[in-house]
Visitor: 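What follows is a single structure, and I will ask about it in a moment.
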There are 2 protein chains.
Amino acid sequence: MSDAVPFLARVPGIQYGVLDTLTGYAVRRTQLRMYEDFVQALAPWHITPPRYSALVIISMNPGLKLTQLAQILGIARSGAVILVDALAELGYVSRDPMPEDRRAFSLQLTERGRTDLEAITATVQAHDERVTASLDAQERATLHGLLHKLSGIADSPGDPVPEAVEPANQ
Amino acid sequence: MSDAVPFLARVPGIQYGVLDTLTGYAVRRTQLRMYEDFVQALAPWHITPPRYSALVIISMNPGLKLTQLAQILGIARSGAVILVDALAELGYVSRDPMPEDRRAFSLQLTERGRTDLEAITATVQAHDERVTASLDAQERATLHGLLHKLSGIADSPGDPVPEAVEPANQ
DNA sequence: TATTGTTATACTCTATAACTATA
DNA sequence: TATAGTTATAGAGTATAACAATA
């Protein structure tokens, strides 16, 4: 027998107690729901969230070494190897030799990687908008600002993220 | 050689491109950081986020069947078995027979479960406050409201979730 | 010696499917 | 037949540790 269990944030009649007061639980609950939708939407490309992150990072920062990619993504080098292997197998990433250091490889998007990344990104953006459809533009901006604060992203110079945005709800 | 890789939301000199505009990436990034802190803070009790959720749900809704717990948590029954096994091994949860259905068990907290859950919850709350320390009370309330909206929690009838929640401290 | 990429191995969390004992 | 709990097995995603080639 199969148990596909779509996650319901709230089951009627159930008491959630302290869970409802924890920011961490709210974030986790939201993340689970979004992750599910992402995986489903990107299944045709065999792209998962970590793979997409890696793809974008390599695209925006061509010539990275695998060790650098691992640091940026916050994973172990062995994990980066698996990630790059998968992206290489999909034909999206190539390991080019580095003349100045024959131990290392320079990571690049392939031609196909560049092309498909556009379609993939369009799908990701559609997914992101669909999943946040319950928020208006201002609420979304507020949420971004708050999450950036939480995850330790200092307001970047040209983009003073949150305070300017009003509480929105009331 | 070991690679402990603490996750940095932003590595200097790296371009994040579209990732910075995606709500999903911001949520995932925040969740990763919080998860790490939770696991570290609760390690003395061998409590992980899924275990904590299960513990609170069982505590607030005594007498649940394992299949109900699985539905509430959004996991497969086989996963609930593993979760309950772990909590039972820690001495926190018991499976009591259900006279009206001899196939099922009634899930309860043990005496020790009730006692330890208080200390565990205090630790979880301390963790949650520490990790959200960069937000003031109003920002936290706003974040809760937005996340609840996102994760599909309709303002429940008797408890119009976000607006009514007072800033509490001030 | 130290670093780069790799491999071997293991652990957590999750899933599907089949089994058993009841209903 | 269908359901409750369980077990077997597998697949992501992550980790640590050790290795060969190169610095």
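Here is how names work: the chains are called A, B, and so on, in the same order as the sequence lines, proteins then strands, and each is numbered from 1. If you're wondering where the values come from, they're calculated on a predicted model, not measured in any experiment.
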Visitor: Identify, between A:D85 and A:A104, the residue whose nearest nucleotide on DNA chain C lies closer to the 5' end.
Guide: A:A104

Visitor: Do B:T21 and A:D128 have side chains that get closer than 4.5 Å, going by heavy atoms?
Guide: no

Visitor: Can you confirm whether the side chains of B:Y52 and B:T121 place a donor and an acceptor under 3.5 Å from each other?
Guide: yes

Visitor: In whole angstroms, how far is the C1' atom of C:dT12 from the CD atom of B:E36?
Guide: 15 Å

Visitor: Identify the two heavy atoms, one from A:D85 and one from A:R95, that lie closest to each other, and give their separation to 0.1 Å.
Guide: OD1-NH2, 2.8 Å

Visitor: How long is the line joining CD of B:Q71 and P of D:dG5, in whole Å?
Guide: 10 Å

Visitor: Does the side chain of B:T67 get closer than 4.0 angstrom to OP1 or OP2 of D:dG5 through an N or O atom?
Guide: yes

Visitor: How long is the line joining CD1 of B:I75 and P of D:dG5, in whole Å?
Guide: 13 Å

Visitor: Rounding to an integer number of Å, can you tell me how far B:L107 CG sits from D:dG5 P?
Guide: 7 Å

Visitor: Judged by atom type as modelled, is there a donor-acceptor pair below 3.5 Å linking the side chain of A:R140 to the main-chain atoms of A:L135?
Guide: yes

Visitor: Assess whether one donor atom and one acceptor atom, taken from the side chain of B:R103 and the base of D:dT3, lie less than 3.5 Å apart.
Guide: yes

Visitor: Of all heavy-atom pairs between A:S134 and B:K149, which one has the smallest distance, and what is that distance?
Guide: OG-O, 3.5 Å

Visitor: To the nearest Å, give me how far apart CD (A:Q68) and C1' (C:dG5) are.
Guide: 13 Å

Visitor: Between P on C:dT3 and CZ on A:R77, what's the gap in Å once rounded to a whole number?
Guide: 10 Å

Visitor: Between B:R95 and A:D101, which is nearer to the 5' end of DNA chain D once each is assigned its nearest nucleotide?
Guide: B:R95

Visitor: Nearest whole angstrom, please: distance from the P of C:dT12 to the CD of B:E89.
Guide: 12 Å

Visitor: Polar atom pairs between nucleotides 8-13 of chain D and protein, under 3.5 Å, N or O only, would you list them?
Guide:
unit_1 : atom_1 : unit_2 : atom_2 : d
D:dG13 : OP1    : A:T48  : OG1    : 3.3

Visitor: Find which nucleotide of DNA chain D each of B:L64 and A:R102 is nearest to by heavy atoms, and output the residue with the more 5' nucleotide.
Guide: B:L64

Visitor: If we ignore hydrogens and angles and just use 3.5 Å, is the side chain of B:E118 paired with the main-chain N or O of B:T115 as donor and acceptor?
Guide: no

Visitor: Does the Lys NZ or Arg CZ of B:R10 fall within the cation-pi geometry relative to B:Y16 - under 6.0 Å from the ring centre and within 45° of the axis?
Guide: yes

Visitor: How close or far is atom C1' of D:dT6 from atom CG of B:L66, stated in whole angstroms?
Guide: 9 Å

